[in-house]
Amino acid sequence: ETGVTQSPTHLIKTRGQQVTLRCSSQSGHNTVSWYQQALGQGPQFIFQYYREEENGRGNFPPRFSGLQFPNYSSELNVNALELDDSALYLCASNYPGLAGQDTQYFGPGTRLTVL
Amino acid sequence: GIQVEQSPPDLILQEGANSTLRCNFSDSVNNLQWFHQNPWGQLINLFYIPSGTKQNGRLSATTVATERYSLLYISSSQTTDSGVYFCAVERASGTYKYIFGTGTRLKVLA
């Protein structure tokens with residue numbers, strides 16, 4: 001149990017549509033990161049939010065956007081869906097641990113299928 | 001950018017066997033974590049280990065930062081150890097942007 005939840009669990013969309021994925025982390029987790037994991041590959045960093053502002057971005061186009069809210073929840077929005085967007089989307093929140101140990105905790109993921 | 005390579009890519013073990021998984025990275029890192037991804041996709045933290053050695057039950061890990069590699073040891077493997085093991089590195093402190101390795105897919109047979 002990581003304390004990070006995601007919704008929905010599964011989602012099916014068609015090309016061109018828009019989707020919003022949600023993540024909720026524990027109180028005090030002030031950094032949230034989103035990753036895309038294609039089948040058979042490792043997670044790829046999309047972007048990160050710290051105190052409600054984007055704080056780093058991977059190699060993803062602008063149609064991938066996000067929001068972080070004061071209640072430690074966040075959203076990943078993807079516009080103009082493409083077939084290649086089919087993947088497991090993971091959010092991870094950071095817990096500022098003891099002695100400088102900054103461990104990322106991952107949610108269970110949302111599996112998106114684009115038809 | 002930094003490259004993270006894991007070996008072996010696939011591993012099949014009989015229950016009770018021991019194994020060593022390796023993670024090589026191409027540049028200095030500030031943080032390193034090992035994860036186990038279960039068949040349902042959940043990434044479980046195993047170790048936060050930017051350097052040194054840690055043990056947790058049947059699992060232990062060693063990172064030699066100066067030589068840019070980390071090892072994950074699994075002893076007396078069980079079927080529940082099956083899944084994919086990832087190492088992930090953070091290059092610059094505080095960014096929490098992790099670069100994941102290619103993964104080792106482990107199957108433990110009863």
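Protein chains get the first letters and strands the later ones, always in sequence-line order, with residue 1 at the start of each.
Between Phe35(B) and Phe86(B), a ring centre-to-centre spacing not shorter than 6.0 Å is recorded.
Both tests do not hold together for Arg111(A) against Tyr89(A): distance to the six-membered ring centre under 6.0 Å, angle to the ring axis within 45°.
The part of Gln37(B) that comes within reach of chain A is its side chain, from C-beta onward, which places non-hydrogen atoms under 4.5 angstrom from that chain. Proximity to chain B is absent for every atom of Gln44(A), based on heavy atoms less than 4.5 angstrom apart.
Classification of Arg58(B) and Asp81(B) as a salt-bridged pair holds, one side-chain N sitting under 4.0 Å from a carboxylate O.
Here Pro43(A) is the residue among Gly40(A), Gly42(A), Pro43(A) with the most heavy-atom pairs under 4.5 Å with chain B.
With sequence neighbours excluded, the residues satisfying salt bridge (Lys or Arg N to Asp or Glu O under 4.0 Å) with Glu82(A) are Arg63(A).
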